[in-house]
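One structure is given here, and the rest of the page talks about it.
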Amino acid sequence: MSELNEPQRSAVAFERGPLLIFAGAGSGKTRTITFRIANLVSTHRVPPYRILAVTFTNKAASEMRHRLVSIVGEDIARDLWLGTFHGIAAKVLRRYAVDARLNPNFVIYDDSDQKAVVTRALRDLDLDDKLYPPKQILAMISALKREGHDPAEKSLGDDENLDRIARAYQSALTRSGAVDFDDLLLKLVQLLEDPERPASLELRRKFDHVMVDEFQDTNLVQYRIVRALSANSRNLCVVGDDDQSIYRWRGADVRIIRGFQRDFPEALVVKLEQNYRSTGNIVRAALGVIAKASDREPKELWTAESAGEKVVLRACPDERAEAIFVASSIQKGRARGISSKEQAVFYRIHAQSRVLEEALRGANIPYQIVGGMRFFDRAEIKDMLAYLRLVQNPDSDTDALRVINVPARGIGDKTVSRLLDVAAENTTSVLQALRIALHQGEFNAGTAKKLAAFEQLILDLEGAKDKLSPADLLERIIAQTGYKDVLEKDDSAESDARLENLAELVGSLREYEAEAPETGEAPTLVGYLERVSLVAATDSMEDVAKVSLMTVHSAKGLEFEQVFLTGMEEETFPYRGLDGHDPEELDEERRLAYVAITRARKELFISYAGSRFLFGRTKYVIPSRFLEDIPPDCVKREGDLGRTAYVSSGPSSTYGAGSHSYGGGRREFGGGGFPSSRGGAPNELLSPGGRAGAKSMTIERGGRHIDREAFDDLPFDDAADAPSYEREPVVARAGQKVKHKSFGIGVIERLESGAKPMVVARFPGYGVKRIVADFLEFL
DNA sequence: TCTTTGTAATTTTTT
DNA sequence: ATTACAAAGA
C-alpha cells in the first residue's frame, strides 16, 4: 500500500460493491488493478478462480499475470480467470457448449472466412454481390449482433433480401460448427440471460469479483455479459478513461462508462489523475488537444515531473522527407543511448507505413511492424490452419473448400460446384457431401479417384490427431498433403519464404506447447486454434531491440521513451474517408490523437507534410487542426513545408526565389541560402496569431520527385534538412491577396487539401471562388 | 484444370 | 499502388 498514492489506495482497498475508476493516461492503472487483485486474494482470501479480470488484449492479460506471479505467486496467478472478452467467451462456450447451443468443436471464423460464407450465401440465393457487397452485409450483421440481437430474429432493414442473406449466413455458420467474433459474445450473453439453461445459473454464481479494464471501449453485449456475471455479487470493478475511447466504429460505446454511475448509484468513483509516465511538456500538449473534446467526464490530469524536452513539431515537404526525418532522428536517439525497444513510430493508417519502412531499411535500422499484414494472414499459413481446423471440425466448410484443391490435386471449380449442390440437397457439410457423392457414383472414375484420395487424406489426419501433439500433427500435414513437395520443387525465392513461414508456424505451435502449462492448461489443438484466432496486433509484438511501427490504435495501452507521431495533417489525422466527418467521429479522432501523444514518456516528435503520396496519388495537405491546440510554449518548431516557408516572413509573402534544382540533397542552396529552422516564419505557419482559421501551405509548381535510387542514397545524417525536390514554390496564407485572370484581385479565405492545392478566395463582385492555385498569381 | 494476362475496384482504425 | 477478379489460352 505504501507504493500507492491516495486514490490508488482507496481503489485497491475497496472490497465489496461496484467500483468505477477513471484512470487518466499513465496514472498507474494496471498497477492499481493488479494490486487490487492481489489484495483480494491475500487479504480477503478470495479464491483466485472466483476472480475474473478482463483486459483489452492478450498481451495486457499476460503482463498482468506476470506481475501477479511476482506478488502472489505462481499457483494463485495461474488460477485467475484473466483474458480478453473474446478469449474468456471462447473458453466458457467451449466448456458449456451444449447449453450454449454450440458444437463443442466449434471453430472461429475471421473476416475472410466470414466473407467466404456470405459470398456462398449470395450464390445460393442467386443474388448479386454488387448489389449486396459482402463487406457491407457483414458490417450490418455485426452491428446487429453487437447490440445483442440475433440476426435470425431481428430484421436488418427494409430489403427482405438482407434478412435472407443474414439468415443464410447464420445457418451456414451453424451447420459448419463455426462462430464469428461477434457470436462469441452474443452466444455467451444469450446463455447467461436464459435461466432455462442450467449453465446459466452456474455461471452467474461463478465469480465473486469481476473487473474490466479499458472499460471505455466496451460494447453493449460486453456490458451485458459483465453485468450478468456480477449480478449475484455486485462486485463489479470497471476501469477506464472516456478520453481514450477510440473504438466507436467497432461498437464500443463511451456512454456505457459515462452512464455507469446511473446504473450503479451506490458505486464508489475513484479518479486517478496523477500522470507518472510523461514529462510536463508532453502532458500539457496532450491536455491541450483533449481539452477541446466535447462531453468529457471532468478530470484534471497532472504530473509532478519536470517539463523535460519540448515536443518537436516538424514540418516536412512530403512524406519521404518526413520518413527520412524520422529515420535520422531515430539514429540520433540511439546514439544518445535510447534503446530501440523504447522507440516507436505511429501513424493513423497502415498505408502510411511503407515509406517509413523504406527509410528505416535505407538507414539500416531494425524495426518491427505491429499489426497490418499479419503472419497469420499469409496464404500458406491460412492453408495450414484450414487443414488443422478441418481436422478438428470436419463440418467447417470454409476450411474444406479452401484446401480441397490446395496443393493442386485436380479438383477444379466444376467438381467443387457439384459438391456444393450435393451438400445443399442433403443439407450436409461439404466433406459429408463428398462421401455421399462418391457413394452414389456421382462422378466419373478419374474425378472420383481424386476425391477419394482427398477423403482418405483427411481421414488419415483425423486419425493422427489424437496420437500426435499439435506441432507434430502440423508437420504431418505439411508433408502428407504434398504442400512441402510443391514448394520444394519450385525453387523461387517466394517458395523459400513460404517454407520458412511454415517452419515458423511449426515453431509457433511448439512454443504454444511449451507455454500452455503456464495458464494451467494442457496444450491442445483447440487451444492453439483459439489462440491464433484471437490474437491482437500487439500480442505478437516481439520483445527485441527493434523500433516498433504501428497504428495509433495498436499503440493503445503501450508506452515508449521516444515517440514519433507522423502524418499530422488534415485528412490524414483526423482521417477523412470518402465522406466527411460527423462531429462525433471528429471527437474520436481527437481522442485518438490524445492517446498517441500520451504514449510518450520523455520525447515526442510530431511531424506533418505539405504533400503526401498515398493510394497512388499525391495530395496537398494542410497541418492538422489538432496541432493548433497544443500550447505553443511546450513545442519546438522545426523544418518547413518547402523552401519558401523560410523565405517568406510576413502574412503576405510572395513567390519563392525562383527555380532551383537540387540533385543529391547535400548541395548548397542557391539564392543565398535560407535562414535556419529557428527563423520566425515557420512559427507563423501554424499559429497565425489570431487570424481565425488561418493555415498556410506550400504550393509547388512543376515539382518533380527525384528517382528512387537517389532517395535511397541520401545521406542520413543531415538529409532530413535537405529538400529532395526541384521546385518553384509559393507560400499562400489566409488574408493574402491573389490575382485571377477574370476575377481580378481577391483575398484568400482558406486553403484546401486535394490533388492540387486549392485556394478559396473572395473576389469583390464575383463572390467566393474555389480555384486551383496554379491559376492564381500571389501578390 | 491450370496458368497467364488484362482489367477493374479499392483503399481506417481490429477482437 | 496494390490487389482482386475475370477471361482467355495451354
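First the proteins, then the strands, lettered A, B, ... as listed; each starts at 1. Both backbone and side-chain heavy atoms feed into the values below; hydrogens, waters and symmetry mates do not. Only a predicted model underlies this, so the values are computations on that prediction, with no experimental measurement involved.
- Under the 6.0 Å distance and 45° angle rule, A/R590 does not count as a cation-pi partner of A/F626.
- Across the protein-nucleic acid pair, A/Y594 atom OH and B/dT13 atom P stand 24 Å apart, rounded to whole Å.
- Taking atom CG on A/L186 and atom C1' on B/dT15, their separation rounds to 15 Å, with Å as the unit.
- What separates CG of A/L614 from C1' of B/dT11 is a distance of 9 Å, to the nearest Å.
- Across C/dA1, B/dT14, B/dT1, the shortest atom-to-atom separation from the side chain of A/F613 is found for C/dA1.
- In the set B/dT15, B/dT13, B/dT11, B/dT11 carries the atom at the smallest distance from any side-chain atom of A/Y575.
- A side-chain N or O of A/R146 and one of A/S142 form a donor-acceptor pair less than 3.5 Å apart.
- With B/dT14, B/dT15, B/dT13 as the candidates, the nucleotide lying closest to the side chain of A/F181 is B/dT15.
- Nucleotide C/dA1 holds its P atom 16 Å from the CZ atom of A/R612, rounded to whole Å.
- Straight-line distance from the CG atom of A/N219 to the P atom of B/dT13: 20 Å, rounded to whole Å.
- Of the N and O atoms on the side chains of A/S533 and A/E530, not one donor lies less than 3.5 Å from an acceptor on the other residue.
- Taking A/Y169 as the reference, nothing meets the ring pair (Phe, Tyr, Trp, His ring centres under 6.0 Å) condition, with sequence neighbours excluded.
- Rounded to whole angstrom, the span from the NZ atom of A/K135 across to the C1' atom of B/dT14 amounts to 13 Å.
- Heavy atoms of A/T415 sit under 4.0 angstrom from primed sugar atoms or phosphate atoms, though from no base atom.
- When heavy atoms are screened at a 4.0 angstrom cut-off, A/K115 is found touching the sugar-phosphate backbone but no base atom.
- The CG atom of A/L592 sits 11 Å away from the P atom of B/dT13 (whole-angstrom rounding).
- For the pair A/T447 and A/Q114, both in contact range of DNA chain B, the more 5′-proximal nearest nucleotide belongs to A/T447.
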Margin query: As a quick check of understanding, evaluate salt bridge (charged side-chain N to carboxylate O under 4.0 Å, His left out) for A/R250 and A/D217, giving each step before the final call.
Written below: CA-CA 9 Å; A/R250 211 172 76 185; A/D217 282 319; over 6 Å; no
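- Here A/F85 does not count as stacked on B/dT15, because the ring centres are not under 5.5 angstrom apart with planes under 30°.
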Every protein N/O within reach of nucleotides 2-6 of chain B N/O, cut-off under 3.5 Å:
residue: B/dC2; atom: OP1; partner: A/G410; partner atom: N; Å: 3.2
residue: B/dC2; atom: OP2; partner: A/N405; partner atom: ND2; Å: 2.9

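- Nearest to the side chain of A/R348, among B/dT12, B/dT14, B/dT11, sits B/dT12.
- Atoms OH (A/Y109) and P (B/dT14) sit 24 Å apart, rounded to a whole Å.
- Comparing the P positions of B/dT12 and C/dC5 gives a spacing of 16 Å, expressed to the nearest Å.
- Taking the six-membered ring wherever Trp is involved, the centroid distance between the rings of A/Y247 and A/F56 falls below 6.0 Å.
- Residue A/K414 is the one, among A/K414 and A/N58, whose nearest nucleotide of DNA chain B lies closer to the 5' end (criterion: closest heavy atom).
- Close to B/dT14, at under 4.0 Å from its OP1 or OP2, lies no side-chain N or O of A/H86.
- Test A/D241, A/L558, A/I246 against A/V595 for side chain to side chain contact (heavy atoms under 4.5 Å, CB included) and you get one pass: A/I246.
- For the salt bridge (charged side-chain N to carboxylate O under 4.0 Å, His left out) criterion with A/K145, the lone passing option out of A/D150, A/D183, A/D182 is A/D183.
- Proximity of A/T551 to the phosphate of B/dT14: a side-chain N or O atom is located under 4.0 Å from OP1 or OP2.
- Heavy atoms of A/K450 sit nowhere under 4.0 angstrom from any nucleic acid atom.
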